[in-house]
Protein chains: 2
Amino acid sequence: MKKKAEERREQILRAAFQAVSDKGYETVTLQDIADYAGVSKGVTNYYFKNKEDVFLSLLEWVTDRIYQHEHQAVSQKTTAIEKLEAYIHSVFIDPEKNKKFYKVYLDFMAQASRNPHYRKINLKFYENCWKIGRDIVALGQKEGTFSSDIQADTASKMIRSIIDGCLIQWLMRDEDHLHEFYKKTCYEVILKYLK
Amino acid sequence: MKKKAEERREQILRAAFQAVSDKGYETVTLQDIADYAGVSKGVTNYYFKNKEDVFLSLLEWVTDRIYQHEHQAVSQKTTAIEKLEAYIHSVFIDPEKNKKFYKVYLDFMAQASRNPHYRKINLKFYENCWKIGRDIVALGQKEGTFSSDIQADTASKMIRSIIDGCLIQWLMRDEDHLHEFYKKTCYEVILKYLK
DNA sequence: AAAATTATTCTGACCGGTCAAAATATTTTT
DNA sequence: AAAAATATTTTGACCGGTCAGAATAATTTT
């Protein structure tokens, strides 16, 4: 019962994710989402309060999945360098997935710049990401791999800034083959900063 | 004759800039723009082909102004370090102006991720910014201030990634007082990377 | 059959683009 | 220089189309 409802919600969120990625936040209609999910329009209205509720849930769902993925990748490694590598590797998954996510993510950030509800969800995502970065830096400092001059909290903010900055610039340039370049250079910049 | 028409266009673009900053790209109607400009609805259609034409012109106009401002600031300094400082200083003008621009810019990037017309204009902006960065790095290397290990072209991409990454993260956090933090740390990261 | 779920239809609001007419500015004629 | 003619600019009403949300109907589950 509860299970089914949860599945339906996720089915709709997946559809919304694809629809927004294809068409853009504002262009997507509830009808689009229903079509992508292969259900009728009423279903969406049944499981979500309204359109904004779908989108807020979508942002929460998608950022949480990203975070889980990153966290999982990092937690499997032991040294700071390995963890940093794993982090960057998990972030720069592949052109296809990065494109899909950052298209949607840019839409949401544009919304978030004016709507506190979106900002709040994004902040939660940031905090999760910062935590990953902070732990890596702190470990590296304990190991002696990273400089003790920098502050782990500050560094964690920068790490995410560099990552997002690189992937956004990559997306805007619209050349898949540059994915590797940004991944590599992003890693190098962060490493040089931490050492 | 020609002068008046150009003034009108700019008047409308200024109005559109403010309107988009306040309400967001997709929410803004031609009526809004007319209202902000203090003219009637028909005027906008008289000076621009259609809504998209207004927005494409706006992106071009606003990014060009930003670039001119950055370029002017950097060109007044002589050493690489001074130029870099001036660059960062001109980018991180003040919370008010940064907020206004990045709100609009995020909207346009969201559009650009799906619409090649916007991407093309943004690429022009990128190339201008990269040129500023590249020249600073090259100068620094000639001076011996910056490491010769890095590639000026690569570094210029990273400089802009870090700047945009920082300002976007700052905007999302919605705390004006952090502006100084991101400005300072952004500069430090870039400097450490270049040395 | 009652309740829960899904599908369809309706409605009111809104938007972009058009257009004809009015207002204003410019040029030509007297 | 005044008047007439012409060109340019501005206005706001209008239309076709779309969408979110509500209401309603149909179907499935319990």
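Chain letters run A, B, ... following the sequence lines, proteins first, then strands; residues in each count from 1. We use all heavy atoms of the structure for the numbers below, so side chains are in, but hydrogens, waters and symmetry mates are not.
- Within the 4.5 Å cutoff, no side-chain heavy atoms of B:Leu139 are placed close to those of B:Thr145.
- In this structure, A:Glu26 atom CD and D:dA20 atom P are separated by 10 Å, rounded to whole Å.
- For B:Val43, taking side-chain heavy atoms from C-beta onward, the closest of the listed nucleotides D:dT11, D:dT9, D:dA20 is D:dT11.
- Under a hydrophobic-cluster definition in which Ile, Leu, Val, Met, Phe, Trp and Tyr are linked whenever side-chain heavy atoms come within less than 4.5 Å, directly or via other members, B:Val91 and B:Ile93 are assigned to different clusters.
- Mapping B:Ser40 and A:Val28 onto DNA chain D via the closest heavy atom, the residue that lands nearer the 5' end is B:Ser40.
- Atom C1' of nucleotide D:dA25 and atom OH of A:Tyr46 are separated by 16 Å, given to the nearest angstrom.
- In this structure, a donor-acceptor pair under 3.5 Å is present between the side chains of B:Gln18 and B:Lys100.
- Residue B:Val54 is classed as having no contact, given no heavy-atom separation below 4.0 Å to the nucleic acid.
- Using a 4.0 Å heavy-atom cutoff across all strands shown, B:Phe48 reaches no nucleic acid atom at all.
- Residue B:Gln31 contributes atom CD, which lies 13 Å from atom P of C:dG17 at whole-angstrom precision.
- Following rounding to the nearest Å, A:Asp35 (CG) and D:dC19 (P) show an atom-to-atom distance of 11 Å.
- Centroid-to-centroid, the aromatic rings of A:Phe55 and A:Tyr25 come within less than 6.0 Å.
- Proximity note for A:Val39 (side chain, C-beta onward) versus D:dT10, C:dA7, D:dG12: the nearest is C:dA7.
- Listed nucleotides: C:dG17, D:dA20, C:dT6. Nearest to the side chain of B:Leu30: C:dG17.
- Between the side chains of B:Asn115 and B:Glu52, at least one donor N or O lies within less than 3.5 Å of an accepting N or O.
- The interatomic distance linking B:Arg8 (CZ) with C:dT24 (P) rounds to 13 Å, in whole Å.
- Following rounding to the nearest Å, A:Ile12 (CD1) and C:dT5 (P) show an atom-to-atom distance of 13 Å.
- One interatomic measurement links the two molecules: CG of B:Asn45 to P of D:dT10, which rounds to 13 Å at whole-angstrom precision.
- Phosphate proximity of C:dT5 to A:Tyr47: absent, as no side-chain N or O sits under 4.0 Å from OP1 or OP2.
- If you take CD1 of B:Ile33 and C1' of D:dT11, they are 17 Å apart, rounded to a whole angstrom.
- B:Lys41 comes within 4.0 angstrom of a nucleotide base, judged by non-hydrogen atoms across all strands.
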